[in-house]
Amino acid sequence: MTSDYVVETGKALPLGTTVTDRGVNFSVFSRHAEEISLIIFESAEKNSSYSEVKLDKQKNKTGDIWHCHINGLTEGACYLYRVDGPYLPEKGLRFNPHKTLLDPYAKALTSLNDWDILACLGYDPSDPSKDLSFSTKDDLLNQPRCIAINDDFDWQGDLPLNYPLRFSILYETHIKGLTAHPDSGVEHKGTYRGVIEKIPFFKDLGVTSLEFLPLQEFDEHEYPRRNPRTGEMLTNYWGYSTVAFFAPKGSYASDTAPGGQVREFKTMVRELHKAGLEVILDIVFNHTAEGNEYGPTFSFRGLDNQIYYILNENRRYYQNYSGCGNTLNCNHPVVRRFIIDCLHYWVTEMHVDGFRFDLGSILGRDQQGRLMENPPTLELIAEDPVLSHTKIIAEAWDAGGAYQVGWFPGGRWAEWNDRYRDDVRLYWRGDPGQTRHLATRISGSSDLYLRDGRKPFHSINFITSHDGFTLRDLISYNHKHNEDNGEENHDGSDNNCSYNNGEEGPTVDMMVGQTRERLTKNFIATMMISLGTPMILGGDEMGRTQNGNNNAYCQDNEISWYDWSLLNKNSGLFRFIKEIIAFRLRHHGFMRPEFYTGRDGNYNAIPDITWFDESGRTPNWDNIGYCMALRMDGSKAEISADQDDNDFFIMFNAGSKKVVFSVCAPLAGKRWVRKVNTAMSSPEDILLPGTEEELTYPDRYPVQARSMVILISKQQ
């Protein structure tokens, strides 16, 4: 140990590192370790000198927490751990002091670009016994390092925005892919600063909340596979393989100084908040990047394998409810504490507004992997006082067969509603028997959320997400085209509910192109008039394509990057989408806090919603065709304290022929005017406020094939 350093007992809490006025406090959990050493590096440089401090069991251990304070260290200090204990894989114990370990609470890591992950294997891969063998190869120089971070930052008074869900419009995007393209027009491409440069675009579009794909530190080079067409190395682009849960990804920062990624991330959040834009993080608590028994040992596995992971009855093996090799033991009290500490950190120190929990059903599995009726982790997140106004959104399924859409436990959770996605896709594809399902989804999916007291806004309504086709590809491809992923097109879903409209892929056929444009507008307009919280896949507003790849998880290239030249090429589409977003946000009737009742309210002369077939009659839902209309009352009702709104008459025609709809009479003293007609070209497809079109015939309106029309009421 360098003579300038003085080692003190330190404090057990908080876990991780804490920069003090005299040095740095270190704290790490391990219940079954027999020895722990702290490795302190002279700098972040790969070959820098280092010192090891062996922690004393008597002085530097409180319960199961090992800790010390090193005087003289400052922010930016780099460190790792060595942990020794029994190596008994068949009993779930995989300690190996030859493998240096990352702190699970590390707030930043040095570059992962040169990480030799094979050197981190706790076993000898050449040994016939595989993971039962023991590796004596030291990986000290092959590991990224943890960086001690001072949480001080000039937030300039910033706090999380925490918009109510029902007033939110989510925009799912990738930090790097947003601005990495040569045509992005930003100086700091593919970075947090690049996001800041795109703030004027987001303001113009009108979304309220950016939902970022995983940005907690991950190893993008973990896939040793090449694109069979180009020979280029494939990467982990999406980031669903977390290495360090508290650490923002360093390669997304233009500031390359140690800890620069933390400062730049905070700056991004602060500037987005100034512009009125929320930050929601996609977070992956279902598994880690250590994989199964053949994976590397770089953190959790070497600290306390049987605490952090759900193991098989044969403790050598891992339960794999994530589809990624291992499953985090989310309802173990120690792991539960880790999850809550992590969420607290991102909210209190990084000022984020919410989280989307990948494969969220795993957080409801017990320590044997069984689904629980009242999972303590999910309930704790829902009831936690720090998170009480934070958005919590579940992907309510996992790879182990759990499917909990509409049944996700924990009280106030919102859910990605894949039922909404599929039903709306099938209706506009023209499948028979889908009209009644469309009506249910437009109404807020009461079949899923009413029974347990949740509200329409707990349904996250989406047509597309990162996982699947883009909206352009949804109406351009019948089949996935994932050959570039190097898995012989076996990866990705085959159930896409897509339709190419007569030609697979790009087209020069004008009629096919017009139909595709019309359907794109139908999808977005349907989502914007539906009860629930809408989510747009980033790039759909400009017609982004992935060339039919519906699983671009490994494509860090122009397949995934946003081609900003499309914004000019498809300017009419962009105009429509930004105007339909503005239309939704102007009319609180589409964001009502309660489900429709179909009855009169105290102030209403008509029901809050009325359904019609194309002839103006009450629909026979068991025998309805491709056409449907609804009348929505926008006036003040007892269930809503919102201001009075217009009334709306909305017509849907998924059939192949034009249909003349009967239009119900408006309230006395009012008239219907046309706001939206997706069959028209820009700018007639959506009219600006005050320019709405008078109806030629007030009692009927022709709706073209595969299109929709929105009428609004105006005073006579």
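The shown structure was predicted, so the numbers you read here are calculated from the model rather than taken from an experiment.
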Would you call Ser51 and Tyr5 a side-chain contact if the rule is heavy atoms closer than 4.5 Å?
-> no

Do Asn320 and His287 have a side chain donor and acceptor closer than 3.5 Å?
-> no

Carefully, step by step, assess Thr191 and Ile175 under the rule side-chain contact (heavy atoms from CB on, under 4.5 Å).
-> CA-CA 6 Å; Thr191 67; Ile175 289 282; 5.9 Å; no

Verify whether one side chain among Thr377 and Asn331 offers a donor that lies under 3.5 Å from an acceptor in the other.
-> yes

List in chain and number order the residues that pass salt bridge (charged side-chain N to carboxylate O under 4.0 Å, His left out) with Lys266, two or more places apart in sequence or in another chain; answer none if no residue qualifies.
-> none

Residues that Tyr308 engages under ring pair (Phe, Tyr, Trp, His ring centres under 6.0 Å), provided they are two or more places apart = Phe300

Taking atom CD of Glu379 as the centre, does the number of heavy atoms from other residues, nucleotides or ligands within less than 6.0 Å exceed 12?
-> no

Using a distance-only test with no angle check, is there a side-chain donor-acceptor pair under 3.5 angstrom linking Ser465 and Asp467?
-> no

Do Glu264 and Tyr252 have side-chain atoms, one donor and one acceptor, less than 3.5 Å apart?
-> no

Can we say Lys57 and Glu34 salt-bridge, meaning some charged N sits less than 4.0 Å from an Asp/Glu carboxylate O?
-> no

Is it possible for you to check whether Lys455 lies under 6.0 Å from the centre of the six-membered ring of Tyr449, through NZ or CZ, and within 45° of that ring's axis?
-> no

What residues, two or more places apart in sequence or in another chain, satisfy side chain to side chain donor-acceptor pair (under 3.5 Å) together with Thr20?
-> His69

Quick one: salt bridge (charged side-chain N to carboxylate O under 4.0 Å, His left out) partners of Glu211, sequence neighbours excluded?
-> none

Just checking, any donor-acceptor pair under 3.5 angstrom between side chains of Tyr192 and Arg263?
-> no

Greater than 12 external heavy atoms within 6.0 Å of Glu90's CD = yes

Between Ser322 (side chain) and Asn286 (backbone), is there a donor-acceptor pair under 3.5 Å?
-> no

Between Tyr309 and Glu290, does any side-chain donor sit less than 3.5 Å from a side-chain acceptor?
-> yes

Contact check, side chains of Gln319 and Leu311, non-hydrogen atoms, under 4.5 Å = no

Taking only residues two or more places apart in sequence or in another chain, which ones pass side chain to side chain donor-acceptor pair (under 3.5 Å) with Arg31?
-> Asp64

Gln156 atom CD: more than 12 heavy-atom contacts under 6.0 Å | yes

Would you say Arg337 has more than 12 foreign heavy atoms packed within less than 6.0 Å of its CZ?
-> no

Hey, is Glu293 close enough to Arg94 for a salt bridge, meaning N to O under 4.0 Å?
-> no

Given the side-chain rings of Phe218 and Trp238, with only the six-membered ring counted for Trp, is the space between their centroids under 6.0 Å?
-> no

Rounded distance (nearest 0.5 Å) linking atom OG1 of Thr110 with atom CH2 of Trp115 | 10.0 Å

Would a 4.5 Å heavy-atom cut-off, applied to side chains only, mark Leu93 and Tyr87 as touching?
-> no

Pairing of Glu395 and Arg356 as salt bridge, 4.0 angstrom limit = yes

Residues at least two apart in sequence or cross-chain that pass ring pair (Phe, Tyr, Trp, His ring centres under 6.0 Å) with His98, listed by chain then number, are Phe134

Note: Asp398-Arg365 ion pair, threshold 4.0 Å (strictly below) | yes

What class does the angle between the rings of Trp416 and His466 fall in, given that below 30° is parallel, 30 to 60° is tilted and above 60° is perpendicular?
-> tilted

Verify, without hydrogens or angle tests, whether His67 (side chain) and Thr9 (backbone) share a donor-acceptor contact under 3.5 angstrom.
-> yes

Say whether, by atom type as modelled, one donor and one acceptor occur between the side chain of Asp556 and the main chain of Tyr237 under 3.5 angstrom.
-> no

Results of ring pair (Phe, Tyr, Trp, His ring centres under 6.0 Å) for Trp407 - residues two or more places apart only | none

Applying side chain to side chain donor-acceptor pair (under 3.5 Å) to Asp384 and not counting sequence neighbours gives His344

Are Tyr317 and Asp131 linked by a side-chain donor-acceptor pair shorter than 3.5 Å?
-> no

Check the surroundings of atom NZ in Lys274: do more than 12 heavy atoms from other residues, nucleotides or ligands lie under 6.0 Å from it?
-> yes

For Asn374, side chain to side chain contact (heavy atoms under 4.5 Å, CB included) partners two or more places apart | none

Lys59 bridged to Glu8 by N-O distance under 4.0 Å | no

Give a yes-or-no answer on whether the side chains of Tyr240 and Asp358 include a donor-acceptor pair shorter than 3.5 Å.
-> no

Kindly write out the residues that satisfy side chain to side chain donor-acceptor pair (under 3.5 Å) with His332, not counting sequence neighbours, or none if the list is empty.
-> none

Donor-acceptor contact present, side-chain Ser168 to main-chain Leu170, <3.5 Å | no

Give a yes-or-no answer on whether the side chains of Tyr81 and Asp103 include a donor-acceptor pair shorter than 3.5 Å.
-> no

Is the shortest distance from a Lys or Arg side-chain nitrogen in Lys61 or Asp56 to a carboxylate oxygen in the other one below 4.0 Å?
-> no

In terms of heavy-atom contacts, does OH of Tyr50 have more than 12 from other residues, nucleotides or ligands at under 6.0 Å?
-> no

Any residue meeting ring pair (Phe, Tyr, Trp, His ring centres under 6.0 Å) with Phe212, in chain and number order, not counting sequence neighbours = none

Check: Ser48/Arg145 side-chain N/O donor and acceptor closer than 3.5 Å | yes

Report yes if the distance between the aromatic ring centroids of Phe153 and Phe265 is under 6.0 Å, otherwise no.
-> no

Side chain proximity check, Arg82 to Thr100, heavy atoms < 4.5 angstrom = yes

Side-chain touch Val28/Ile36, heavy atoms, less than 4.5 angstrom = yes

Residues at least two apart in sequence or cross-chain that pass salt bridge (charged side-chain N to carboxylate O under 4.0 Å, His left out) with Arg412, listed by chain then number, are none

Taking side chain as C-beta onward, heavy atoms only, is Val347 less than 4.5 Å from Phe355?
-> yes

Test side chain to side chain contact (heavy atoms under 4.5 Å, CB included), reference Leu272, set Asp158, Val195, Ile196, Leu161, output is Val195

